[in-house]
Each structure stands twice: as C-alpha cells, then as structure tokens.
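Down below is the structure, laid out as structure tokens.
Fair warning: this is a prediction, and the values are worked out from it, not measured in the lab. The chains referred to below are lettered A, B, ... by the order of the sequence lines, with proteins before strands, and numbering in each begins at 1. The basis for the numbers below is simple: all heavy atoms, side chains too, and nothing from hydrogens, waters or symmetry mates.
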2 protein chains.
Amino acid sequence: MLAEKRLLADLEGLNSPGRETLQERVYQELKRAMMQGRFAPGSALPLRSVAAAMGTSLMPVREALRQLAAERAVEVLPNRAFAIPKMTRAILADLGRTRLLIEGEAARLAAVRQGPRIADQLIALRDKISAATGAHDRAAYRSYNQEFHFCIYSAAGSPVMLHVIETLWLQAGPYLNLSFSDASGSPIVSQIRHEEAIEAMQKGDGEAARDAIVADISDAMEWIMPQLE
Amino acid sequence: MLAEKRLLADLEGLNSPGRETLQERVYQELKRAMMQGRFAPGSALPLRSVAAAMGTSLMPVREALRQLAAERAVEVLPNRAFAIPKMTRAILADLGRTRLLIEGEAARLAAVRQGPRIADQLIALRDKISAATGAHDRAAYRSYNQEFHFCIYSAAGSPVMLHVIETLWLQAGPYLNLSFSDASGSPIVSQIRHEEAIEAMQKGDGEAARDAIVADISDAMEWIMPQLE
DNA sequence: GCTTCCATACTGTGATCACAGCTGCTATGA
DNA sequence: TCATAGCAGCTGTGATCACAGTATGGAAGC
C-alpha cells in the first residue's frame, strides 16, 4: 500500500506536464504564436477556427482567449469577437514609456539586491546572444534576449513588478519582431547595452543598471518606431 | 424604412446596457464585492456556489473567474480551484512599492499635461471625501477616494499605465478596507496629501504631484501594514 | 481506541447543443 | 439597372451533461 502510494506520488510528478488542462495548452500555444508575431495585427481569432486548429472544442479556446484579453494581449471587439490588437505609434510609445519606468526600477533593484550573483548567468546569455546574432538566427536571438532581460527582472525580488513586466512584453511582443525584419545593426547596439548592464550587476551599481536597461529599451523603441505604419 | 432604421439605431444605444453579457455582469459583481472586502482572504469560490448566487450556469462564472485570475485578483490553487488570495505582509509591501513607482509617475505626468484642467474636479471630490469622512461613511469615502486617484491617473494620458494601476488596485483593494476598520485618524492624514496633490495640479508641478501621491500611498501602507496577520 | 478502507458528494474540465445577432450574398421585385 | 427582401452562413453566448479527480464522512476491521 505504502509502496503503491509512493509510486503514485512519483508518477504524479511525471504526469504533471500531461496534467495541464487543454485550456492551459491553448493559452500557452496562442501566447507563443503571438509573441513570435505569427498573427497579423487586427486579424480576427474566431473561436471555431482556433478550436479546429488546436483540435479541441470551443470551451478551452474561449477561456484562453478571455485570459489573453484580460492581459491586453488580444482585443475584444464591440461584436465581442476576439482579434489581434492593432498597434499604433501612440500605444507603442506609451508601452515604451511604461517599460522604461518599471523595467528600469526592476533592474536597479536587481543590481542592488542580487547583482554579482547573477552576473555569470548574464555573461553566459550574452555569449548565446552573440552566437545567435552571428548566425543570423532571429528566433534564438529573441529567445535569449528575453531570457537575459528576465534573468535581471527575476532577481529584483518583486513578483508584482515581474508580472507587470510580463504583461507589457506580451503586449509589445509581436512588434519587437520588427527590430529584426532586416539585417541591420540593431542587435549590435543592444549588445553594448547588455555589456553595460553586466558591468553594473557585477558592481552592484543600481543606477548604472537602470541606465543600461533604459538605454536598451530606448534604442529598441527608436529602432522600431519609424517602421510602424 | 429609413425612419425604422433610425429608430433601431436609437434603440441600439438604449439596449447597450442590457446587452452586456452575463459573463460581464458576473465579472463586475465579483470585482465589486471583492474590492469591498466581502470575501475572507483564502476563502474558496466554488463555481456552482457563485453560479447559484448569481442565478446563472457555470459558464459565465468560469470565464469571469478566469479573467479575474489573469488579473491576479483571484488565485488558482493547484487543485485548479479558485480562491481569494491570502495577502502577506511581503506581497503587500511589494504591491506598495510598485504602486509608488507607477502611480507617482502617472501623477507627475498628469500634473505636467493636464494639471490645472482637472484641479476643479479634484476639489469637488475632496469636498465629497470630507463629507464622507465627517459622516463616517466608509463606503462613500472609499469610493470618492478611488475617484480622486483615478481622476489624476486618467489625466496622465497613458492607457497602459492606467490599466496597470487598475490591476494593482484590484489586487490590493480588499486590504485597503483595513485602513478604516476603526475610527482612527488615517483619513485625515490622507486629506493633507490630497491638498498637496491639488496644489501641485494647479501649479502644473509634476515633482510636487508625484511627492504628494507617493506620500499618500506611503501613509496608507504604513497604516495598513501593522494590522496584517 | 485507532487506523484503514470505501462510498458519497463535490470539485473543475470539456464536449455538445440550441440560440440570437450579424454579415453578405442572391434572387426577386419595381 | 438598381434597390430591397430574404436566406444562408457565419459569429459568440450560455445551458446542460458526462466525466475524472479529490476530499470527506462513516463504518468495519485490527
């Protein structure tokens, strides 16, 4: 009996990935696709189409979309239909301003509280980013860049800020792809900011860390902005 | 025909309040009840109980709760059950720190961009707050205080920040009630901060506006914190 | 008296169906 | 030829049901 229970407990751990609800899977899948910019801005997301694509009924899709809508990642039209939000220059600027504020503060906190402790992880990620840039692997670049930033933000020790930042990235996510729609030098500029951030973390210098992150975001925004519309 | 169409168009406007979905109504009702602190922290929200209380089926309740969960206003337990989150001192402090940052900045923006234009509204709200305080009407106080703050935040012209602030209030909402669990002087302190805020708005002084809001939030936090646990 | 087991009730999940509103097309009329 | 009525196909909403997992209660065994 006891052995059986132990076995079940072990299996439980193994089951847990499969134990995720369909709703969860649909949510994650949509989120991933959106952040990769797979949907055109303004395009509709009919429940039945998404459900058919995912091989589920309408229900998990409805809940996943509503959750994404609550996070402002998808829009609810007056018709109550779901759609990918259209990004305007004004909204993107607003998003950028808010990111500067909160991600800058998170970076400052991270440097002060955990700075030297995460420097090694950041250096490893910087190397991966360099490799991805060299290989012109945009997907890898985006992925590692995101890891780099969130490695810092996680170290701030503020779950509330972390969640806010995640929702901001989710909203801006699809449009960050624009930064790499051609082979221009934007990523290289970013590398400089990352160096500055690493240095600030090593020193535990909060103000320098904030400045580095603020500059990084500003660079990206300046790059993306003229490409809109 | 044309007249008929016009009539329908007119009726459409009238219908719109009734056209809200059940899900929307359940969502609003739950939100309102939560912000008034009607649910004990940690208490469960079984779908069927809520549905019975609202007189609907499970579906609208499920979607409303999931939306609230996305906003961190309710918690999803490992059992996938919904519950009112338990607030710890650490989380409340985190929430407070984030509020200082973003609400302070929103106040600064509001003062610079629209300061004098909203001063009259703020003065009117201040008077209502005074009246509510004098009458010991806690519900009215809470309501007008919220209006006062969001009057400022709306004037910042940043929909992104406004939404973030709303989610922060929703998370902290139930615990703000603690500030008035007895007849102590906390609201009076708050009034001083409001005066400072109004003055800053009249002058269009961003820094002063930020300081006033930061002080207001800090006061409230300092008041609530020891009452927790 | 304490532990163990089993039945029952209750949890959220997800599929299916009926329905109302809207959109766009087509056929019919002037 | 053009306007209009009506039909067909979409849309999301919400109720109902079946189901699997979990907690809880009491009863039977040690």
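For the side chain to side chain contact (heavy atoms under 4.5 Å, CB included) test, residues two or more places apart in sequence or in another chain that qualify with A/Arg48 are A/Leu58.
Taken to the nearest 0.5 Å, the NE2 atom of B/His194 stands 7.5 Å off from the CD1 atom of B/Ile152. Expressed to the nearest 0.5 Å, how far CE of A/Met87 lies from CG of A/Leu92 amounts to 5.5 Å.
At a threshold of 4.0 Å, the pair A/Arg66-A/Glu63 does not count as salt-bridged, since none of the basic side-chain nitrogens sits closer than that to a carboxylate oxygen.
Going from atom CZ of B/Arg25 over to atom C1' of D/dG14 covers 13 Å, rounded to whole Å. Summarising the geometry, the separation between CE on A/Met54 and C1' on C/dA15 is reported as 17 Å, rounded to the nearest angstrom.
In this structure, B/Lys128 and B/Phe148 have side chains that are not in contact, with every pair of non-hydrogen atoms separated by 4.5 Å or more.
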Restricting to nitrogen or oxygen on both sides, can you table the protein-nucleotides 11-13 of chain C pairs closer than 3.5 Å?
{"from": "C/dG12", "atom 1": "OP1", "to": "B/Leu47", "atom 2": "N", "distance (Å)": "3.2"}
{"from": "C/dG12", "atom 1": "OP2", "to": "B/Leu47", "atom 2": "N", "distance (Å)": "3.1"}
{"from": "C/dG12", "atom 1": "O3'", "to": "B/Arg80", "atom 2": "O", "distance (Å)": "3.4"}
{"from": "C/dG12", "atom 1": "N7", "to": "B/Arg48", "atom 2": "NH1", "distance (Å)": "2.9"}
{"from": "C/dG12", "atom 1": "O6", "to": "B/Arg48", "atom 2": "NH2", "distance (Å)": "3.2"}
{"from": "C/dT13", "atom 1": "OP1", "to": "B/Arg66", "atom 2": "NH2", "distance (Å)": "3.4"}
{"from": "C/dT13", "atom 1": "OP2", "to": "B/Arg66", "atom 2": "NH2", "distance (Å)": "3.2"}

